[in-house]
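Down below is the structure, laid out as structure tokens.
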Amino acid sequence: SVYGFDISKHGINSAKDEIKENLFIHKAQNDYPFENNQFDLVISLGCFHNLRVFELEKAIKEVQRVGKQAYIMVESYRNEKELFNLQCWALTCKSFLSKNDWKWLFNKRNFSGFYELIYFS
């Protein structure tokens, strides 16, 4: 079974018909309406940069809580050029975090899942 949420109606409406009934509007920084370890895998792709740092902590905690395993992919930067490119690309971004900043945040939240940082070279 696949369940999910998005902050936008567009995200839900663009989903495949086979899973639409298990999708709903929800903010990633709010409590997730799921039980502890309810899912074998929780995935977040390119969303968390839209949250403020204090909201990121909550979202990471919730991903960890509801999933037995987790994978988070976020945008980051390693140098000034990549930061500039990220700023141009991610118009809704609220957390421009460097590679070391993300590592610090995942460690602070004791995140035991996998994460991947992508860069705009």
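Predicted model, so just to flag it, every value in this text is computed and none were measured. Counting begins at 1 with the first residue of the sequence.
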Next item on the list: Might you work through the side-chain contact (heavy atoms from CB on, under 4.5 Å) test for Ser121 and Lys81, ending with a clear yes or no?
Entry: CA-CA 7 Å; Ser121 299; Lys81 180 182 177 192; 5.6 Å; no

Notebook entry, point to check: By the rule that ILVMFWY residues connect when side-chain heavy atoms come within less than 4.5 angstrom, directly or transitively, which residues belong alongside Ile19?
Noted result: Val2, Ile12, Leu23, Ile25

Next item on the list: Quick one: pull up NZ in Lys68 and CG in Asn36 and give me the separation to the nearest 0.5 Å.
Entry: 11.5 Å

Note to self: Check this for me: Lys99, atom NZ, are more than 12 non-hydrogen atoms of other residues, nucleotides or ligands nearer than 6.0 Å?
What the structure shows: no

Check: Are Tyr77 and Leu97 co-members of a hydrophobic cluster defined by side-chain heavy atoms under 4.5 Å apart?
Finding: no

Notebook entry, point to check: Do Ile72 and Ile7 belong to the same hydrophobic cluster, where Ile, Leu, Val, Met, Phe, Trp and Tyr are linked whenever their side-chain heavy atoms lie under 4.5 Å apart, directly or via other members?
Noted result: no

Item checked: Val66 backbone acceptor or donor facing Asn37 side chain under 3.5 Å -> no

Check: Of the non-hydrogen atoms in Ala28 and Phe48, which two are nearest, and what is the gap between them?
Finding: CB-CE1, 3.9 Å

Item checked: Option among Phe5, Tyr3, Phe24 that satisfies the ring pair (Phe, Tyr, Trp, His ring centres under 6.0 Å) test with Tyr32 -> Phe5

Check: Is the closest side-chain donor-acceptor distance between Asn100 and Ser98 under 3.5 Å?
Finding: no

Margin query: For Phe114, is the CZ atom crowded, meaning more than 12 foreign heavy atoms sit under 6.0 Å from it?
Written below: no

Check: Can you tell me if His26 uses its side chain to pair, donor with acceptor, with the backbone of Gly4 under 3.5 Å?
Finding: no

Checklist line | Val63 reachable from Phe39 in the ILVMFWY side-chain graph, under 4.5 Å edges | finding: yes

Notebook entry, point to check: If you look at every heavy atom in Leu56 and Ser95, which pair is closest and at what distance?
Noted result: CD1-OG, 3.6 Å

Note to self: Using the rule ring pair (Phe, Tyr, Trp, His ring centres under 6.0 Å), only one of Trp102, Trp104, Tyr71, Phe106 pairs with Phe111; which is it?
What the structure shows: Phe106

Check: Looking at Glu75 and Leu86, what are the two nearest heavy atoms and their distance?
Finding: CB-CD1, 3.5 Å

Check: Checking Glu55 side chain against Arg52 main chain: does a donor-acceptor pair fall under 3.5 Å?
Finding: yes

Checklist line | Over all atoms of both residues, closest heavy-atom pair of Ile118 and Met73 | finding: CD1-SD, 3.6 Å

Note to self: Membership question, hydrophobic clusters at under 4.5 Å side-chain separation (ILVMFWY): are Phe96 and Leu91 in the same one?
What the structure shows: no

Checklist line | CD on Gln87 to CD on Glu80, rounded to 0.5 Å | finding: 8.5 Å

Item checked: Over 12 foreign heavy atoms within 6.0 Å of NZ, Lys27 -> no

Next item on the list: Answer yes or no: is there a donor N or O on one side and an acceptor on the other, between the side chain of Arg65 and the main chain of Phe34, under 3.5 Å?
Entry: yes

Check: So Glu82 and Tyr119, side-chain contact (heavy atoms from CB on, under 4.5 Å) or not? Walk me through it.
Finding: CA-CA 6 Å; Glu82 290 178 353; Tyr119 309 101; 3.5 Å; yes

Next item on the list: Considering non-hydrogen atoms only, spot the tightest contact between Glu57 and Leu105 and give its length.
Entry: CG-CD1, 3.5 Å

Next item on the list: With the side chain counted from C-beta on, respond yes when Lys94 and Asn50 share a heavy-atom pair under 4.5 Å apart, and no when they do not.
Entry: no

Check: So, does Glu62 use its side chain to make a donor-acceptor pair with the main chain of Ala59 at under 3.5 Å?
Finding: no

Checklist line | Gln29 side chain vs Leu51 backbone, donor-acceptor pair below 3.5 Å | finding: no

